[in-house]
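To start, the structure under review is shown below, and the notes come after it.
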Amino acid sequence: MDVLVVVDMQNDFVSGALGTQEAADIVPYVVGRVVDGLNRGETVFFTRDTHEADYLSTQEGKKLPVPHCIRGTEGWEIIPQLQEYAAHPIDKPTFGSRYLGALLKAQDEDLRKQGQPGVEKVTLIGVCTDICVLSNALLVKAFLPEAEIVVEAGCCAGVTPQAHCTALEAMKACQITVVQEA
């Protein structure tokens with residue numbers, strides 16, 4: 001089974017409170033990759049950074065005092081170009097989703113019990129390369145150490161271009177395959 005994970009393609013990270021031009025620039029590539037993945041039979045999951053109204057009193061809020069992705073706000077929503085594909089996003093209160101890792105591990109075990117190959121490949125795309133993409137890639141690697149974990153660099157954007165490149169190098173060092181082209 002091949003899986004595509006679309007990380008935090010939300011309004012606040014593309015055009016809102018923490019939006020960047022780099023994030024806006026990858027939107028057509030991300031949409032194309034999701035469509036391509038669905039056409040190839042990949043299982044597609046979306047994550048959604050999710051904070052509550054008390055965000056500024058949390059540890060993250062104290063270190064990054066920019067309210068973003070507050071549950072129920074427009075900024076929290078998946079970008080319009082991807083909403084039709086993201087029926088049930090995985091809400092996560094922090095950078096990485098333990099739930100995503102556990103879900104993938106459970107699917108892997110179920111498939112193997114049925115005599116099928118398990119989760120063989122997990123590809124991650126989205127934002128921010130240096131925070132949530134990196135965190136989720138490492139978590140998935142921890143839950144599925146024998147699966148190939150891939151990050152498609154051309155479908156990711158970091159907080160800054162330099163942070164994006166640094167994160168890609170860190171993931172390579174952790175045996176995550178980084179594919180450059182979009």
Side-chain angles (χ1 to χ4, degrees), residues 3-38 42 44-51 55-56 58 60-71 73-86 89-97 100 121-141 148-182:
V3 175
L4 176 64
V5 178
V6 183
V7 178
D8 299 356
M9 289 299 294
Q10 295 164 259
N11 291 322
D12 270 347
F13 291 127
V14 175
S15 60
L18 294 173
T20 65
Q21 186 60 53
E22 291 82 11
D25 289 347
I26 68 166
V27 169
Y29 301 110
V30 171
V31 172
R33 179 60 180 87
V34 169
V35 170
D36 182 54
L38 290 169
E42 288 178 318
V44 180
F45 292 106
F46 283 76
T47 67
R48 183 168 55 187
D49 194 41
T50 300
H51 302 294
Y55 171 76
L56 290 175
T58 67
E60 181 182 330
K62 290 174 184 172
K63 293 180 185 239
L64 177 64
V66 178
H68 66 281
C69 300
I70 306 297
R71 185 186 304 275
T73 66
E74 183 179 338
W76 173 68
E77 296 295 334
I78 300 294
I79 61 172
Q81 300 91 323
L82 291 169
Q83 283 183 359
E84 69 180 283
Y85 308 109
I90 297 169
D91 292 339
K92 58 183 190 57
T94 188
F95 307 135
S97 174
L100 173 65
K121 181 179 177 183
V122 179
T123 301
L124 294 97
I125 60 176
V127 294
C128 294
T129 317
D130 47 313
I131 302 173
C132 294
V133 174
L134 170 69
S135 296
N136 283 289
L138 292 173
L139 271 168
V140 171
K141 184 74 173 164
E148 181 182 12
I149 311 302
V150 177
V151 171
E152 293 187 9
C155 289
C156 293
V159 173
T160 66
Q162 181 180 357
H164 170 78
C165 292
T166 300
L168 294 173
E169 290 303 314
M171 287 186 275
K172 286 179 190 176
C174 294
Q175 300 178 355
I176 293 166
T177 302
V178 174
V179 178
Q180 292 297 329
E181 61 274 348

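Values in this document were obtained by computation on a predicted structure and should not be read as measured data.
Classification of Glu60 and Lys63 as a salt-bridged pair fails, no side-chain N sitting under 4.0 Å from a carboxylate O.
Scanning all heavy atoms of the two residues, the minimum distance from Ala23 to Val14 falls at CB-CA, 4.0 Å. Pairing each heavy atom of Gly126 with each of Met9, the nearest pair is CA-SD, 3.8 Å. Heavy atoms only, all atoms of each residue included: His51 and Pro93 are closest at CE1-O, 3.8 Å. Annotation for Ala86 and Pro89: closest pair O-CD, 3.3 Å, computed over non-hydrogen atoms. Tyr55 approaches Pro67 most closely through the heavy-atom pair CD2-CA, 3.8 Å. Listed here is the closest heavy atom pair of Tyr85 and Phe46: O-CE1, 3.4 Å.
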Determine whether Lys121 and Val3 satisfy the following criterion, side chain to side chain contact (heavy atoms under 4.5 Å, CB included), listing intermediate values before the conclusion. CA-CA 6 Å; Lys121 181 179 177 183; Val3 175; over 6 Å; no
From CA spacing to verdict: side chain to side chain contact (heavy atoms under 4.5 Å, CB included), Val133, Val151: CA-CA 8 Å; Val133 174; Val151 171; 4.1 Å; yes
Would you sort out whether Leu100 and Leu139 count as a side chain to side chain contact (heavy atoms under 4.5 Å, CB included), showing the intermediate values? CA-CA 9 Å; Leu100 173 65; Leu139 271 168; over 6 Å; no
Go through the steps to decide whether Val7 and Thr129 satisfy the test side chain to side chain contact (heavy atoms under 4.5 Å, CB included), and finish with yes or no. CA-CA 9 Å; Val7 178; Thr129 317; over 6 Å; no
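To the nearest 0.5 angstrom, Leu56 atom CG is 7.5 Å from Thr58 atom OG1. Taken to the nearest 0.5 Å, the CG atom of Asn136 stands 9.0 Å off from the CG atom of Leu138. The distance from the CG atom of Leu64 to the CG atom of Leu18 is 5.5 Å, given to the nearest 0.5 Å. Put simply, CG on Leu134 and NE2 on His164 are 12.0 Å apart, with the number rounded to the nearest 0.5 Å. Here the SG atom belonging to Cys155 is positioned 9.0 Å from the OH atom belonging to Tyr29, to the nearest 0.5 angstrom. Here the CH2 atom belonging to Trp76 is positioned 11.5 Å from the CG atom belonging to Asn11, to the nearest 0.5 angstrom.
Between Ile70 and Thr73, the closest side-chain pair of non-hydrogen atoms falls below 4.5 Å. Counting heavy atoms from C-beta on, the side chains of Arg48 and Lys92 never come closer than 4.5 Å. The closest side-chain heavy-atom distance from Ile79 to Gln10 is not below 4.5 Å.
A distance-only check finds no donor-acceptor pair linking the side chain of Gln180 to the backbone of Gly154 [under 3.5 Å]. Thr47 places a side-chain N or O within 3.5 Å of a backbone atom of Asp8 that can act as its donor or acceptor partner. The main-chain N or O of Thr166 is never found under 3.5 Å from a side-chain atom of Asp130 such that the two would form a donor-acceptor pair. Formation of a donor-acceptor pair under 3.5 Å by the Lys62 side chain with backbone atoms of Pro65 is not found in this model.
For the side chain to side chain contact (heavy atoms under 4.5 Å, CB included) test, residues two or more places apart in sequence or in another chain that qualify with Asp12 are Ala17, His68, Cys69. Here Leu4 pairs with Val6, Arg33, Val34, Glu42, Val44, Thr123, Ile125 under the side chain to side chain contact (heavy atoms under 4.5 Å, CB included) rule; sequence neighbours left out. Partners of Lys141 according to the side chain to side chain contact (heavy atoms under 4.5 Å, CB included) rule, which considers only residues two or more places apart in sequence or in another chain, are Ile149, Gln175. Shown here are the side chain to side chain contact (heavy atoms under 4.5 Å, CB included) partners of Thr177, two or more places apart in sequence or in another chain: Glu148, Val150, Val179. Listed by chain and residue number, nothing satisfies the side-chain hydrogen bond (donor to acceptor under 3.5 Å, both in side chains) test with Thr160 (two or more places apart in sequence, or in another chain).
Few gaps surround CD on Gln81; more than 12 heavy atoms of other groups in view lie less than 6.0 Å from it.
Within the structure, side-chain hydrogen bond (donor to acceptor under 3.5 Å, both in side chains) contacts touching residues 13-27 (residues at least two apart or in different chains) are Gln21-Asp25.
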